[in-house]
Amino acid sequence: MVFLMTKVLLVVFCFLYSGSASATGVYNVRDFGAKGDGKTLDSPAINAAIEAAVKDGGGQVLLPAGTYLSGSIRLKSNINLHLSAGCTILAADPKKFPSFGESSLLRGEPEGGSGLYDPSESFGGFPEYQDGGHTYFHNSLIWAEGQTNVSITGHGMIDGKGLTKKDTEVSGQIQGGSIGTGDKAIALKLCRQVTIRDITIYRGGHFAIIMTGCDLSTIDNVTIDTNRDGFDIDCCKYMTITNCKINTPSDDALVLKSSYALKKPVVCEHIAISNCNITGYKCGSLLDGTYVPEPVNWVCGRFKLGTESNGGYRNISLTNCTFMYSSGLAFEEVDQGRMENIVVSNITMSHVHHYPIYITTGCRNRGPKEVTQPSSARDIQISNVIADDCDSLCSIIVTGMKDEPIRNVWLSNIRLYFKGGGTRDLVNKEYREQGTNYPEPKFAGWTPAYGLYARHVEGLHVNDVTFRYERPDYRPAVVLDDVRDVTLKDIDAPTEPGVDQIVRL
């Protein structure tokens, strides 16, 4: 009996003492030296817990309540990084941390690493056809590359206070030398079976979440309140994004892209998005509940496909989403990819910046010169949309290219309420061809129509659409230029005296 009791006590003692093993599959970062006091750099302890879990075949790396000052955290296969309620991962400011060299604070740093954030990886000298933020991943607060079955969960927060919101990469290295700059809150590349659930991200850096070349992913109940992009989903497939709240007053909220970051064109496909809220309140005011509108001169919120679009988009659905103080829906294919089979339904918008609906192709062609195919778009269906207080700079815009029209667009059961104010001289305006220009309507200015402007389209079917404006608008409701195979049915739109056409061809 004494021998058995001694053996049990010894096992319990070993379990409590050891920081490198877990009998339960849960690896508490405090057992590996994390303090959670907001002052001690805890990323080495978090990385040590991850490595211990990997050694044992995987498990949950647990961050209890507390504030964990952190540099780069390297997520690995079969790891669940769990942020408990009351937990905050606080991105450290590199200006407050000199180069550590061989400091014990940096145990767990990869070979050659000497900064707070990991160096950006080399892109192999391959020409870059996308921004640096889409090219480099390792210089992030939390990153993973080529991993499987990774997850970030829990009701804790990631605060990117020490991250930069600028695109700082130059020639594969970070400006600032060995100190290093953190660029993104979460960056995942070529990962499979990814889950991100329940967390909150505040001040997410250049991108709060970027996922490139990731398959079989689930993002659910994530809240983002940031001053640059919210989600960037690039070259991914088989993904669901549900029940998320995304506040991005100064940039895009939820963006699908198909860049050349994988050194080849890769289609972004089979993406289903539903039950999300997109807003453009002042950064932080979504989280604190004050909901302060912040006027901006650039994009504000919005759901977008593009602009990086080498691989194109296929089988994308967006449904049951709300927009407030944001731009609306933008579908942009300008880099020689194909955009097809896009379905949008059940969307409400209030206080819409710039435009509610924008569909375009162009020939910016940012990619290898050997690629000669034109950008194309077809089979886009948008229905059950209500938007009020829309800027009158742009109407619904559907613009293809003269030699490659957009094909088969359905617009049905749509109610749009504009501010109005268009003048008579706009009726004869030569509206800019997209061509090689950056695909942003504000650069082209007001459209000749206040409701729907379409050019270079083959197969445009509009049914049960209502337009209204607050101030008198002297443009026709609809202007069609080089549009073939048109169906217009039940268009309800007012006109001012002297405007003799609701629809102008």
Side-chain angles (χ1 to χ4, degrees), residues 29 34-50 61 63-75 81-84 86-100 105-106 108-110 113-120 132-133 136-144 152 154-169 174-188 196 199-211 222-232 247-248 250-251 283-284 286-287:
V29 297
K35 301 299 183 183
D37 59 9
K39 300 177 182 179
T40 305
L41 188 67
D42 284 329
S43 45
I46 297 171
N47 283 319
I50 291 172
V61 173
L63 282 75
T67 299
Y68 299 85
L69 190 65
S70 183
S72 288
I73 296 171
R74 301 168 209 105
L75 201 57
L81 187 68
H82 188 79
L83 284 56
S84 301
C87 157
T88 297
I89 297 178
L90 177 63
D93 186 345
K95 295 178 182 178
K96 298 180 180 180
F97 286 82
S99 180
F100 297 107
L105 284 174
L106 284 183
E109 190 76 18
S114 59
L116 183 64
Y117 296 97
D118 292 344
S120 59
Y136 307 107
F137 294 77
H138 298 182
N139 57 311
S140 302
L141 180 60
I142 301 172
W143 68 268
I152 305 172
H155 292 279
M157 175 184 288
I158 297 170
D159 183 349
K161 181 178 181 181
L163 301 176
T164 179
K165 63 178 184 177
K166 298 179 180 179
D167 195 6
T168 58
E169 293 87 351
I174 302 298
Q175 292 179 356
S178 61
I179 293 178
T181 302
D183 188 63
K184 296 166 275 285
I186 298 174
L188 306 176
I196 304 176
I199 64 169
T200 295
I201 300 176
Y202 174 46
R203 297 180 292 197
H206 190 180
F207 302 130
I209 298 176
I210 181 170
M211 299 175 65
V222 172
T223 300
I224 294 178
D225 193 343
T226 189
N227 47 16
R228 281 295 304 269
D229 281 12
F231 290 103
D232 271 49
N247 185 59
T248 55
S250 302
D251 220 316
C283 184
L286 178 74
L287 292 182

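Sorted by first and then second residue, the salt bridge (charged side-chain N to carboxylate O under 4.0 Å, His left out) pairs with a member in residues 34-47 form an empty list; sequence neighbours excluded.
Contact between A185 and A208 at its shortest, heavy atoms only, is CB-O, 3.2 Å. Residues Y202 and G284 share a closest heavy-atom pair of CE1-CA, 3.8 Å. Of all heavy-atom pairs between S70 and S43, the closest is OG-CB, 3.2 Å. Of all heavy-atom pairs spanning A91 and L163, the tightest one is CB-CG, 3.8 Å. For the pair S84 and A65, the tightest heavy-atom approach, listed with the atom from each and the gap, is CB-N, 4.2 Å. I210 and G133 make their closest contact through CD1-O, 3.6 Å (heavy atoms, listed as atom of the first residue, atom of the second, distance).
Between Y68 and L63, the closest side-chain pair of non-hydrogen atoms falls below 4.5 Å. Under the 4.5 Å side-chain criterion, counting only non-hydrogen atoms from C-beta, L75 is not in contact with I73. Here the side chains of L69 and T40 are not in contact, with every heavy-atom distance at 4.5 Å or above. Here the side chains of V29 and V61 are in contact, with some heavy-atom distance below 4.5 Å. With contacts defined as side-chain heavy-atom distances shorter than 4.5 Å, the pair K166/T181 does not qualify. With a 4.5 Å cut-off on side-chain heavy atoms, T248 and D229 do not count as touching.
With W143 contributing its side chain and A187 its backbone, the two residues share no donor-acceptor pair below 3.5 Å. Side chain of N47 to main chain of R74: a donor-acceptor pair is present (N/O by atom type, distance under 3.5 Å, no hydrogens or angles). With hydrogens and angles disregarded, a donor-acceptor distance shorter than 3.5 Å links the side chain of S72 to the backbone of S140. Checked by atom type and distance alone, the side chain of Y117 pairs as donor or acceptor with a backbone atom of A92 at under 3.5 Å.
If you take CD1 on I196 and CD1 on I158, they are separated by 8.0 Å, rounding to the nearest 0.5 Å. In this structure, CG in L41 is found 13.0 Å from NZ in K96, a value given to the nearest 0.5 Å. Atom CD1 of residue I142 and atom CG of residue L81 lie 5.5 Å apart, to the nearest 0.5 angstrom. A distance of 11.5 Å separates CE of M211 from CG of D232, quoted to the nearest 0.5 Å. Taken from OG1 in T200 to CG in L83, the straight-line distance is 9.5 Å, to the nearest 0.5 Å. Going from atom NE2 of H206 over to atom CZ of R228 covers 3.5 Å, rounded to the nearest 0.5 Å.
When each of T226, I186, I89, D159 is tested with I201 by the rule side-chain contact (heavy atoms from CB on, under 4.5 Å), just one qualifies, namely I186.
Residues satisfying the salt bridge (charged side-chain N to carboxylate O under 4.0 Å, His left out) test with D225, not counting sequence neighbours, are none. For T67, the side chain to side chain contact (heavy atoms under 4.5 Å, CB included) partners are T88, L90, not counting sequence neighbours.
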(Q) Using the rule given for side-chain contact (heavy atoms from CB on, under 4.5 Å), can you reason through D251 versus K165, listing the C-alpha separation, both sets of side-chain angles and the distance that settles it, and then say yes or no? (A) CA-CA 11 Å; D251 220 316; K165 63 178 184 177; over 6 Å; no

